[in-house]
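Read through the structure below, which is laid out as structure tokens, and then see the notes.
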Amino acid sequence: MELSPRIESWRGQGEDVRFRERRIHVHRRDGDGPLLLLLHGFPSSAFDWRGVLERTHGRRALAFDFLGFGLSEKPAGHEYTLAWQADLAEELVRQTGPAPVFVVAHDMGTSVATELMARDLRGELGFDLAGVLLFNGSILLHRAKPTSGQRLLRSPAGPLAARAMNRAFFLRQFSGLFSPDHPLAPQEAEDQWALIAHEGGHRIAHRTISYMDERERFAERWHGAVAAWPGPLSFAWGMLDPVARPAVLAGLRELRPAAPVTELPRLGHYPQIESPDEVLAALEAALS
């Protein structure tokens with residue numbers, strides 16, 4: 001699928017690197033302060049972070065497309081696990097150079113973040129994790145409400161659904177994640193579909209969505225990390241999210257009662273796209 005000039009410009013600002021013989025698209029930026037490690041969600045990519053990156057000019061930053069997403073390689077036969085994606089994050093941080101790391105994570109990326117926190121708890125993490133900001137991720141899956149498309153992809157019919165996925169189906173599902181005050185813009189919609197369909201990524205969605213099964217399998221490990229990790233942990237939440245609903249945030253507050261919370265009352269599942277200024281404010285509060 002042809003990529004728009006916006007995506008081509010974004011691609012030109014990054015680079016491709018190899019990890020375990022796979023091609024990964026990475027954006028790195030030098031600057032001040034801790035390294036901001038930006039972890040995206042399903043089914044999108046680091047392209048989601050461009051507005052936040054523009055507003056944090058002068059800060060060190062690292063954003064990348066997980067394997068199977070965006071401009072990274074999308075192998076059809078790969079077993080997609082969050083442990084693999086967390087290993088990738090660790091290696092990219094190592095390549096970027098020694099510095100404290102502040103993780104900002106959305107959606108699927110929140111579970112990669114909690115895996116990094118669990119490793120840090122056990123003294124197994126390869127970098128200094130200085131802080132974490134999580135927003136709009138269905139970490140407590142039993143409190144979330146996955147879309148009909150997500151449920152279909154996780155079902156026995158998932159491989160067939162992935163093969164049949166098209167632009168119209170995707171855009172119906174994706175547009176429903178945005179708030180009434182900040183609807184999905186037409187150009188954003190086309191770019192998001194192009195990035196997902198790039199190199200056939202939509203055809204493996206039944207594989208890349210397996211992270212939701214892991215959220216059930218590793219609930220004790222990852223929920224325990226939310227409760228017990230000793231570093232500064234904050235939450236920011238689009239309160240109109242129909243998937244990672246306020247009920248998820250309420251459960252996280254029960255796990256971590258002292259954690260600072262920024263509620264974003266007019267935003268949906270993608271605050272970093274809908275209102276990057278509000279995400280920036282939440283990030284600055286967490287960093288301080």
Side-chain angles (χ1 to χ4, degrees), residues 17-28 34-46 48-49 60-75 78-141 204 207-235 244 252 255:
V17 304
R18 306 293 295 186
F19 177 70
R20 295 178 183 168
E21 305 306 317
R22 299 298 187 185
R23 174 178 47 80
I24 305 297
H25 191 71
V26 180
H27 286 250
R28 305 180 205 264
L35 174 66
L36 299 180
L37 175 59
L38 306 173
L39 303 176
H40 71 80
F42 176 94
S44 47
S45 68
D48 299 346
W49 296 115
R60 296 187 75 198
L62 169 62
F64 64 94
D65 294 341
F66 289 122
L67 186 71
F69 296 83
L71 299 171
S72 288
E73 190 174 344
K74 299 173 178 177
H78 184 80
E79 182 182 355
Y80 289 89
T81 69
L82 295 182
W84 199 100
Q85 308 285 20
D87 290 348
L88 169 61
E90 282 204 64
E91 174 59 19
L92 293 176
V93 168
R94 187 194 66 78
Q95 293 176 7
T96 304
V101 176
F102 190 96
V103 172
V104 185
H106 172 242
D107 189 77
M108 182 186 79
T110 61
S111 288
V112 177
T114 54
E115 171 59 22
L116 296 174
M117 292 159 62
R119 293 180 184 187
D120 195 39
L121 262 174
R122 291 159 176 78
E124 301 166 353
L125 189 64
F127 59 80
D128 175 13
L129 185 55
V132 178
L133 171 63
L134 305 179
F135 65 101
N136 291 89
S138 301
I139 304 167
L140 308 180
L141 192 58
I204 60 168
R207 288 184 173 272
T208 54
I209 204 170
S210 63
Y211 76 94
M212 295 183 75
D213 299 328
E214 290 186 275
R215 280 180 166 164
E216 295 175 336
R217 192 157 66 250
F218 298 110
E220 183 176 353
R221 175 180 174 88
W222 294 341
H223 298 175
V226 170
W229 182 65
L233 172 63
S234 303
F235 304 110
L252 293 171
L255 284 174

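Keep in mind that what you see is a predicted model, and the values were worked out from it rather than measured. All values below come from the heavy atoms of this structure, side chains included, with hydrogens, waters and symmetry mates left out. Residues: numbered from 1 along the sequence shown.
Using a 4.5 Å heavy-atom threshold, the side chains of E90 and L116 count as touching. A 4.5 Å side-chain heavy-atom check between P34 and D128 finds every atom pair outside the cut-off. Taking the side chain as every heavy atom from C-beta outward, S72 and V26 never approach each other to under 4.5 Å. Taking 4.5 Å as the limit, some side-chain heavy atom of L37 sits within range of a side-chain heavy atom of F64. Using a 4.5 Å cut-off on side-chain heavy atoms (C-beta onward), Q95 and F19 make no contact. For the pair T114/M117, a side-chain contact is recorded, criterion being any heavy-atom separation below 4.5 Å from C-beta on.
Note that CZ of R207 is 15.5 Å distant from NZ of K74, once rounded to the nearest 0.5 Å. Between atom OH of residue Y211 and atom CD of residue Q85 there is a gap of 12.0 Å, rounded to the nearest 0.5 Å. To the nearest 0.5 Å, atom CG of residue L133 and atom CG of residue L39 are 11.0 Å apart. Of the inter-residue distances, the one linking L36 atom CG with L62 atom CG reads 9.5 Å to the nearest 0.5 angstrom.
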Let me see the working for L35 and F127 under side-chain contact (heavy atoms from CB on, under 4.5 Å), right down to the final yes or no.
CA-CA 11 Å; L35 174 66; F127 59 80; over 6 Å; no
Show the numbers, then the answer: is there a side-chain contact (heavy atoms from CB on, under 4.5 Å) between R221 and R122?
CA-CA 11 Å; R221 175 180 174 88; R122 291 159 176 78; 3.5 Å; yes
Determine, step by step, whether I139 and L255 satisfy the side-chain contact (heavy atoms from CB on, under 4.5 Å) criterion, reporting the C-alpha distance in whole Å, the side-chain angles of both residues, the deciding distance to 0.1 Å, and the verdict.
CA-CA 11 Å; I139 304 167; L255 284 174; over 6 Å; no
Derivation and outcome, side-chain contact (heavy atoms from CB on, under 4.5 Å), residues N136 and D107
CA-CA 6 Å; N136 291 89; D107 189 77; over 6 Å; no
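By the side-chain hydrogen bond (donor to acceptor under 3.5 Å, both in side chains) test, H27 is found to be paired with W10, H25, residues two or more places apart in sequence or in another chain being considered. Judged as a ring pair (Phe, Tyr, Trp, His ring centres under 6.0 Å), and not counting sequence neighbours, W229 has no contacts. Among residues two or more places apart in sequence or in another chain, the ring pair (Phe, Tyr, Trp, His ring centres under 6.0 Å) test is passed with F135 by W49, H106. Remark: F235 engages no residue in a ring pair (Phe, Tyr, Trp, His ring centres under 6.0 Å) (not counting sequence neighbours). Applying the ring pair (Phe, Tyr, Trp, His ring centres under 6.0 Å) test to F218 and every residue at least two apart in sequence or in another chain returns W222. Applying the side-chain contact (heavy atoms from CB on, under 4.5 Å) rule to S138 yields the partners L141, A144, R215, V243, A244; only residues at least two apart in sequence or on another chain are considered.
Among the candidates R60, E91, R28, the single residue satisfying the side chain to side chain donor-acceptor pair (under 3.5 Å) test with T96 is R28. For the side chain to side chain donor-acceptor pair (under 3.5 Å) with E73, the lone residue among R22, R23, H78 that qualifies is R22.
Summarising the geometry of A113 relative to L134, their closest heavy-atom pair is CB-CD2, 3.7 Å, with the distance given to 0.1 Å. Listed here is the closest heavy atom pair of V103 and L129: CG2-CD1, 3.6 Å. Closest heavy-atom contact between P232 and A130: CG-O, 3.1 Å. The shortest non-hydrogen separation linking F42 to T208 is CE1-OG1, 3.4 Å. A63 and A46 make their closest contact through CB-CB, 4.1 Å (heavy atoms, listed as atom of the first residue, atom of the second, distance). Across all their heavy atoms, I204 and P75 have their closest contact at CD1-O, 4.2 Å.
Remark: the backbone N or O of Y80 is paired with a side-chain donor or acceptor of S210 at under 3.5 angstrom. The backbone N or O of L82 sits nowhere less than 3.5 Å from a side-chain atom of E115 that would complete a donor-acceptor pair. Between the H40 side chain and the D65 main chain, no donor and acceptor come within less than 3.5 Å of each other.
A salt bridge links R119 with D87; the closest basic N to acidic carboxylate O contact falls under 4.0 Å.
Around atom CD of E124, more than 12 heavy atoms belonging to other residues, nucleotides or ligands sit under 6.0 Å away.
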